[in-house]
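Some notes on the structure that comes next.
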Amino acid sequence: MSEDFRQQALHYHAYPVPGKISVELSKPANTVEDLALAYSPGVAEPVREIAQNAENVYKYTGKGNMVAVITNGTAILGLGNLGPLASKPVMEGKALLFKRFAGLDSIDIEVKHRTIDEFVDTVANIADTFGGINLEDIKAPDCFEIEKRLIERCQVPVFHDDQHGTAIVTAAGMLNALELQGKDIKEAVIICLGAGAAAVACMELLIKCGAQREKIYMLDRKGVIHTRRDDINEYKQLFANNTDKRTLEDVIEGADIFVGVSGPDLLAPEALKLMADKPIVFACSNPDPEIKPELAHAVRNDLIMGTGRSDYPNQVNNVICFPFIFRGALDVRASEINDEMKLAAVNAIRELAKEPVPAEVIKAAGVDKLAFGPDYIIPKPMDPRLLPRVAKAVAVAAVESGVARIEMPVGYMEV
Ligand SMILES: NC(=O)C1=CN([C@@H]2O[C@H](COP(=O)(O)OP(=O)(O)OC[C@H]3O[C@@H](n4cnc5c(N)ncnc54)[C@H](OP(=O)(O)O)[C@@H]3O)[C@@H](O)[C@H]2O)C=CC1
Ligand SMILES: CC(=O)C(=O)O
Ligand SMILES: [Mg+2]
């Protein structure tokens, strides 16, 4: 990152007021009459209504349009465990994206805790205040247990974005990239560098989309995860491969797909050269990918490449999912975000990339053209069609799979 860009980023966050989000009022509060309605005595009336019937909270408060972005700061992007406070700009960023792309109000909550129990108790005890809980940047393997326990305890949808948001976008982009490269997901040899939150969820969802578990090679800091290792947790165990291969260079030879959800600059151009013809590389680590696109394209001209960043083609980033999946889930008051809803999001995102792109999106992307192909396998986050398409597909899937608590609103997301 250049010094100039660093200064720009710091300036953006500091001015004209510190931070990226603020609270705004949705009702008038100017006159004595306004205040009598908003506060005492008028506020007592909705209080009584909600005390009589909890569902009235959706009628009289902002709960139904409010998502909490909650973290402990243990896996901030690819920067590692820098603690709750340092994670605040990222969490405010997620709140900004919820509002900008899906009109959802969102607040960031950074939790200091000693044990998993303490974190789970903290979140479970405040969950009813919100329409949904977006867990963010919590390291593996803690994230798996935390999410499972919160889903059991909370009445509102709980969704770990780094697992499922990333997996949904990766699957959507991957299915399109495979189609363009003329490859079948069932035959594809997949290398996954990283064995944490994003890695495990991405590979599980690719398997649901047709990938073969035994053709996946997952690696952590110690190398290939294989059946003779005795230092792997139960989640890595699911990907233990019965192989003598031990290093990235060993497994990448002849591979069709590389998914990087690990850290910066971990895929050397020499290793990329070893991949099969027409490879697909998703170097998703943020802010710095496993390999820079310019380095990758310098050694392969038959490649489809994605990164997590906004400033390269093919942004494989959970921003293309989380605002829209929560919009759909909240609008039918889904009790959870289940596999049917996740797969509906994959298909909606995937199919949108094949349609002609509106001029306003091309302009906002700062390019001359965008058309389904190697440099456009996935929609741009600012594509206004993502909201109606993904939210509707998700809401329909929630209703059809029986987790919606209200009927589909009449004319929902019709544009
Ligand atoms: N583009 C996107 O939308 C998203 C991208 N990401 C990116 O994915 C990365 C991981 O995030 P997340 O899964 O949440 O974090 P976790 O902490 O849960 O997992 C990190 C994983 O990366 C592995 N890893 C770290 N360094 C290396 C290395 N040098 N070689 C091999 N493996 C390594 C760790 O190995 P070990 O288990 O041995 O510690 C661990 O398995 C981050 O860079 C993040 O920015 C995450 C979510 C969304
Ligand atoms: C994009 C994101 O959520 C991450 O890199 O952690
Ligand atoms: Mg994240």
Side-chain angles (χ1 to χ4, degrees), residues 69-82 87 89-98 108 134-147 159-174 191-205 217-225 229 231-239 246-249 251-252 258-268 271 281-291 305-312 314-323 349 378 381:
V69 175
I70 308 189
T71 189
N72 59 7
T74 52
I76 309 175
L77 309 177
L79 304 172
N81 184 351
L82 302 182
S87 75
V90 176
M91 303 310 132
E92 284 193 351
K94 296 282 173 178
L96 174 150
L97 297 166
F98 269 119
D108 61 298
N134 183 85
L135 298 173
E136 191 67 44
D137 289 1
I138 300 172
K139 74 175 165 63
D142 298 0
C143 62
F144 302 119
E145 188 180 341
I146 285 172
E147 189 194 42
F159 178 89
H160 182 201
D161 178 38
D162 299 284
Q163 291 184 59
H164 313 299
T166 316
I168 287 163
V169 177
T170 298
M174 189 60 71
I191 308 306
C192 181
L193 187 63
V200 168
C202 285
M203 293 306 115
E204 289 294 353
L205 193 58
Y217 294 88
M218 188 177 274
L219 298 94
D220 63 9
R221 284 171 219 266
K222 292 186 178 158
V224 173
I225 292 173
R229 273 180 65 174
D231 59 348
I232 47 180
N233 63 43
E234 60 186 293
Y235 309 97
K236 293 181 181 179
Q237 195 77 52
L238 294 170
F239 292 93
R246 295 291 178 263
T247 66
L248 179 59
E249 287 67 27
V251 287
I252 206 166
F258 172 91
V259 175
V261 269
S262 49
D265 303 318
L266 294 170
L267 176 62
V281 171
F282 286 0
C284 295
S285 178
N286 287 308
D288 299 309
E290 283 75 5
I291 185 168
M305 164 104 209
T307 70
R309 293 168 53 138
S310 305
D311 52 353
Y312 288 108
N314 298 333
Q315 184 176 19
V316 180
N317 189 302
N318 48 36
V319 63
I320 297 161
C321 173
F322 69 79
I349 294 169
I378 194 141

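Note that ligands are numbered from 1 as they come in the structure, with each ligand's atoms numbered from 1 the same way.
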May I ask you to check whether [X] and [Y] show a side-chain donor-acceptor distance below 3.5 Å?
X: Thr307; Y: Gln315; answer: no
X: Glu147; Y: His164; answer: yes
X: Thr166; Y: Asn318; answer: yes

With a cut-off of 2.8 Å, which protein N/O/S atoms are close to the Mg ion (ligand 3), if we only count those under it?
-> Glu136 OE2, Asp137 OD1, Asp162 OD1

pair [X]-[Y]: side-chain heavy atoms closer than 4.5 Å:
X: Ile378; Y: Ile320; answer: yes
X: Asp137; Y: Val90; answer: yes
X: Leu238; Y: Glu204; answer: yes
X: Leu266; Y: Ser285; answer: no
X: Met218; Y: Val224; answer: no

For the side chain to side chain contact (heavy atoms under 4.5 Å, CB included) test, which of Leu82, Asp142, Ile138 pairs with Thr74?
-> Ile138

Could you pull out every N or O of ligand 2 that sits under 3.5 Å from a protein N or O, with the distance for each pair?
residue	atom	partner	partner atom	Å
ligand 2	3 (O)	Lys94	NZ	3.0
ligand 2	3 (O)	Glu136	OE2	3.0
ligand 2	3 (O)	Asp162	OD1	3.0
ligand 2	3 (O)	Asn318	ND2	3.0
ligand 2	5 (O)	Asn286	ND2	2.9
ligand 2	6 (O)	Asp137	OD1	3.1
ligand 2	6 (O)	Asp162	OD1	2.9

Salt bridge check: are Lys222 and Asp220 linked by an N-O gap of less than 4.0 Å?
-> no

Keeping the roles fixed (side chain from Glu290, backbone from Val261), state whether a donor-acceptor pair exists under 3.5 Å.
->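 Such a contact is found between Glu290 side chain and Val261 backbone.
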
Sequence neighbours excluded, which residues qualify as salt bridge (Lys or Arg N to Asp or Glu O under 4.0 Å) partners of Asp161?
-> Lys94

Heavy atoms under 4.0 Å from ligand 1: which residues qualify?
->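 Protein residues near ligand 1 are Ala75, Leu77, Gly78, Lys139, Ala140, Asp162, Thr166, Leu193, Gly194, Ala195, Gly196, Ala197, Ala198, Asp220, Arg221, Lys236, Val261, Ser262, Leu266, Cys284, Ser285, Asn286, Gly308, Val316, Asn317, Asn318.
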
So, Phe322 versus Phe98, ring centres under 6.0 angstrom or not?
->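 Distance test on ring centres: under 6.0 Å, yes.
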
